[in-house]
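Report on the structure given below.
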Amino acid sequence: MSTTESATPSKLPPFDPRDPLGIDDLLGPEDLAIRDTVRSWATDRVLPYIAGWYEKGELPGIRELARELGSLGALGMSLKGYGCAGASAVQYGLACLELEAADSGIRSLVSVQGSLAMYAIHRFGSEEQKQRWLPGMAAGETIGCFGLTEPDHGSDPAGMRTYAERDGDDWILTGRKMWITNGSVAGVAVVWAQTGEAGDGSGIRGFVVPTDSPGFSAPEIRHKWSLRASVTSELVMDGVRLPADAVLPGGTGLRGPLSCLNHARYGIVWGAMGAARSSFEAALDYARSREQFGRPIGGFQLTQAKLADMALELHKGVLLAHHLGRRLDAGRLRPEQVSFGKLNNVREAIEICRTSRTILGANGISLEYPVMRHATNLESVLTYEGTVEMHQLVLGKALTGLDAFR
């Protein structure tokens, strides 16, 4: 008799509404321990305060939070050496999911620190740059930021106007960057700039810029209606003089910053499902307890249809994230596959938030519940690290072999 034939319903594990596909079976003990540790930290240190932070548009104690995240090993989590945890890609993804289940702003803090600033130095930096910056960044003692997007150049970074020119052995850096997470609290900025006349991006280089350098400033951007519990800034470089060894020696052209973005996008694939899970669970709990017409609204067919559809997309998204994580751990993850994940999971996460809001009714817009906060945060996640249109064109080119970008 086959295993399938012998498995009677009485021997099957019970159905778990929080893990209906049994995805936890894919995780080992270390994976589960890391996930549970990050979830516990977020539950204690973020969830009791996040609504107030969001309402006020601030992230107080960000330096302390960074140090705590460093002590968890969450900063530069999948990097090896220099005080980094050396965790697997799947373990890093699980951490991103739990952090964004608390708030996208917290996951963004970790992503920018580890997947952008630290990753750039780790992959493209000199040994001296790695030794100088990475241990302090891994510990959360030094916060980093990543300067690529400009006021007039987002999806087309090859047209950036920030430039660096030689002055003897030094470089003089001039320009502006926009929408930079962690900018106002960073001790170091990885800034990408043109170094030649080529307009195709081939002259772009990365620079490691101490933020106390004369001519560098990072005014904070206010009046945001998304990612409100996150520090977002402009970077202004007004003739910042840098020594020759400030250049990232391994990063030339757009290959450098785009590989960093790809690493950050991978974390978003997981993180978006955290925001979706939080919203879905709020709607599920509400549907079980909220009564209308003499019964819980979860007992009505239309509400159950919404819950079923949300659960379908949520757990398909988590499975997709797992699949991409396994490929990344095996060294087989392509950029186009990350675009699949980012495009699908963020889009579906927003829809889950919107549907959850309808189940909560008017309560869905209250900060007593997480749904509207996640929904507005995801509007930013939808367009940063590549807009919907850019990921559609990445996949369109991969599918057809035809370049529609220009």
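All heavy atoms count here, side chains included; hydrogens, waters and symmetry mates do not.
Ser279 and Ser356 share no side-chain donor-acceptor pair at under 3.5 Å. Side-chain atoms of Tyr266 and Gln337 include no donor-acceptor pair closer than 3.5 Å. Side-chain atoms of Thr181 and Tyr384 form no donor-acceptor pair, as typed in the model, at a separation below 3.5 Å.
Thr387 contributes no side-chain N or O that, together with a main-chain N or O of Thr383, makes up a donor-acceptor pair within less than 3.5 Å. A donor-acceptor pair is defined here as one N or O able to donate and one able to accept, closer than 3.5 Å; such a pair exists between the side chain of Gln129 and the backbone of Asp245. A donor-acceptor pair under 3.5 Å is absent between the side-chain atoms of Ser40 and the main chain of Asp36, judged by distance alone. Using a distance-only test at 3.5 Å, with no hydrogens or angles considered, a donor-acceptor pair links the side chain of Thr355 to the main chain of Glu351. The closest donor-acceptor contact from the side chain of Asn182 to the backbone of Cys145 lies at 3.5 Å or more, if one exists at all. A donor-acceptor distance shorter than 3.5 angstrom exists from the side chain of Thr195 to the backbone of Gly203, with no hydrogens or angles considered. Side chain of Ser226 to main chain of Thr376: a donor-acceptor pair is present (N/O by atom type, distance under 3.5 Å, no hydrogens or angles). For Ser233 (side chain) and Ser184 (main-chain N/O), a donor-acceptor pair under 3.5 Å exists by modelled atom type. Arg357 places a side-chain N or O within 3.5 Å of a backbone atom of Gly361 that can act as its donor or acceptor partner. The main-chain N or O of Glu141 is never found under 3.5 Å from a side-chain atom of Arg67 such that the two would form a donor-acceptor pair.
The number of heavy atoms from other shown groups lying within 6.0 Å of CD (Gln392) is above 12. Within a 6.0 Å radius of NZ in Lys56, no more than 12 heavy atoms belonging to other residues, nucleotides or ligands are found. In Arg166, the CZ atom is crowded: over 12 heavy atoms of neighbouring residues, nucleotides or ligands sit closer than 6.0 Å.
Within the structure, every pair that satisfies the salt bridge (charged side-chain N to carboxylate O under 4.0 Å, His left out) test and touches residues 379-395, not counting sequence neighbours, is listed here: Arg354-Glu379. For the salt bridge (charged side-chain N to carboxylate O under 4.0 Å, His left out) condition, the pairs that include at least one residue of residues 173-185, sequence neighbours left out, are Glu150-Lys177, Arg176-Glu234. Identified under the side-chain hydrogen bond (donor to acceptor under 3.5 Å, both in side chains) test for residues 364-373, with sequence neighbours left out: Asp103-Arg373. Residue pairs that meet the side-chain hydrogen bond (donor to acceptor under 3.5 Å, both in side chains) test with at least one member in residues 14-34, sequence neighbours left out, are Arg18-Asp285, Asp24-Arg35, Asp31-Gln91.
Contact between Trp171 and Pro243 at its shortest, heavy atoms only, is CD1-O, 4.1 Å. Residue Leu378 comes nearest to Ala275 through the heavy atom pair CD1-CB, 4.0 Å, listed as atom of the first residue, atom of the second, then distance. In this structure, Ala193 and Leu173 approach most closely via the heavy-atom pair CB-CD1, 3.6 Å. For the pair Val188 and Thr211, the tightest heavy-atom approach, listed with the atom from each and the gap, is N-CG2, 3.8 Å. Contact record, Asp329 with Ala89: OD1-N, 2.7 Å, taken as the closest heavy-atom pair.
Every residue two or more places apart in sequence or in another chain was checked for a salt bridge (charged side-chain N to carboxylate O under 4.0 Å, His left out) with Arg132, and none qualifies. The ring pair (Phe, Tyr, Trp, His ring centres under 6.0 Å) check on Trp41 picks up nothing, with sequence neighbours excluded. The ring pair (Phe, Tyr, Trp, His ring centres under 6.0 Å) test applied to Phe300 returns no partner, not counting sequence neighbours. With sequence neighbours excluded, the residues that form a salt bridge (charged side-chain N to carboxylate O under 4.0 Å, His left out) with Asp167 are Arg241. Contacts of Phe216 classified as ring pair (Phe, Tyr, Trp, His ring centres under 6.0 Å), with partners at least two apart in sequence or in another chain: none. Contacts of Tyr163 classified as ring pair (Phe, Tyr, Trp, His ring centres under 6.0 Å), with partners at least two apart in sequence or in another chain: none. For Lys316, the salt bridge (charged side-chain N to carboxylate O under 4.0 Å, His left out) partners two or more places apart in sequence, or in a different chain, are Glu313.
Here the side chains of Leu248 and Trp192 are in contact, with some heavy-atom distance below 4.5 Å. Looking at Val394 and Val338, their side chains never come closer than 4.5 Å, going by heavy atoms from C-beta outward. Using a 4.5 Å heavy-atom cutoff, the side chains of Leu59 and Ile106 are in contact. Residues Asn344 and Phe340 form no side-chain contact, since every pair of their non-hydrogen atoms from C-beta on lies 4.5 Å or further apart. Residues Met160 and Leu148 are in side-chain contact: their nearest non-hydrogen atoms beyond the backbone lie under 4.5 Å apart. Tyr54 places a side-chain heavy atom less than 4.5 Å from the side chain of Asn377. Using a 4.5 Å cut-off on side-chain heavy atoms (C-beta onward), Gln194 and Ile204 make contact.
Considering CG of Leu227 and CG of Leu109, their distance stands at 11.5 Å, rounded to 0.5 Å. Between the CD atom in Glu64 and the CG atom in Leu69 there is a gap of 10.5 Å [rounded to 0.5 Å]. Taken from CZ in Arg265 to NZ in Lys342, the straight-line distance is 7.5 Å, to the nearest 0.5 Å.
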Go through it in stages, so that I can follow the logic: the residues are Met118 and Trp133, the test is side-chain contact (heavy atoms from CB on, under 4.5 Å), and I'd like the CA-CA distance, side-chain angles, deciding distance and then a yes or no. CA-CA 8 Å; Met118 291 178 68; Trp133 294 109; over 6 Å; no
Could you go through Arg107 and Ile268, starting from their C-alpha distance and side-chain angles, then the distance that decides it, and tell me whether this counts as side-chain contact (heavy atoms from CB on, under 4.5 Å)? CA-CA 9 Å; Arg107 198 268 309 147; Ile268 291 171; 3.7 Å; yes
side-chain contact (heavy atoms from CB on, under 4.5 Å), that's the test. Do Ile34 and Met77 meet it? Break it down for me. CA-CA 11 Å; Ile34 289 173; Met77 187 173 176; 3.4 Å; yes
Are Val46 and Leu99 close enough, and set up right, to give a side-chain contact (heavy atoms from CB on, under 4.5 Å), and what steps lead you there? CA-CA 9 Å; Val46 179; Leu99 292 170; over 6 Å; no
N/O donor to acceptor pairs below 3.5 angstrom from side-chain atoms of residues 396-405, sequence neighbours left out:
unit_1: Thr400; atom_1: OG1; unit_2: Gly396; atom_2: O; d: 2.8
unit_1: Thr400; atom_1: OG1; unit_2: Leu402; atom_2: N; d: 3.0
unit_1: Asp403; atom_1: OD1; unit_2: Phe405; atom_2: N; d: 2.9

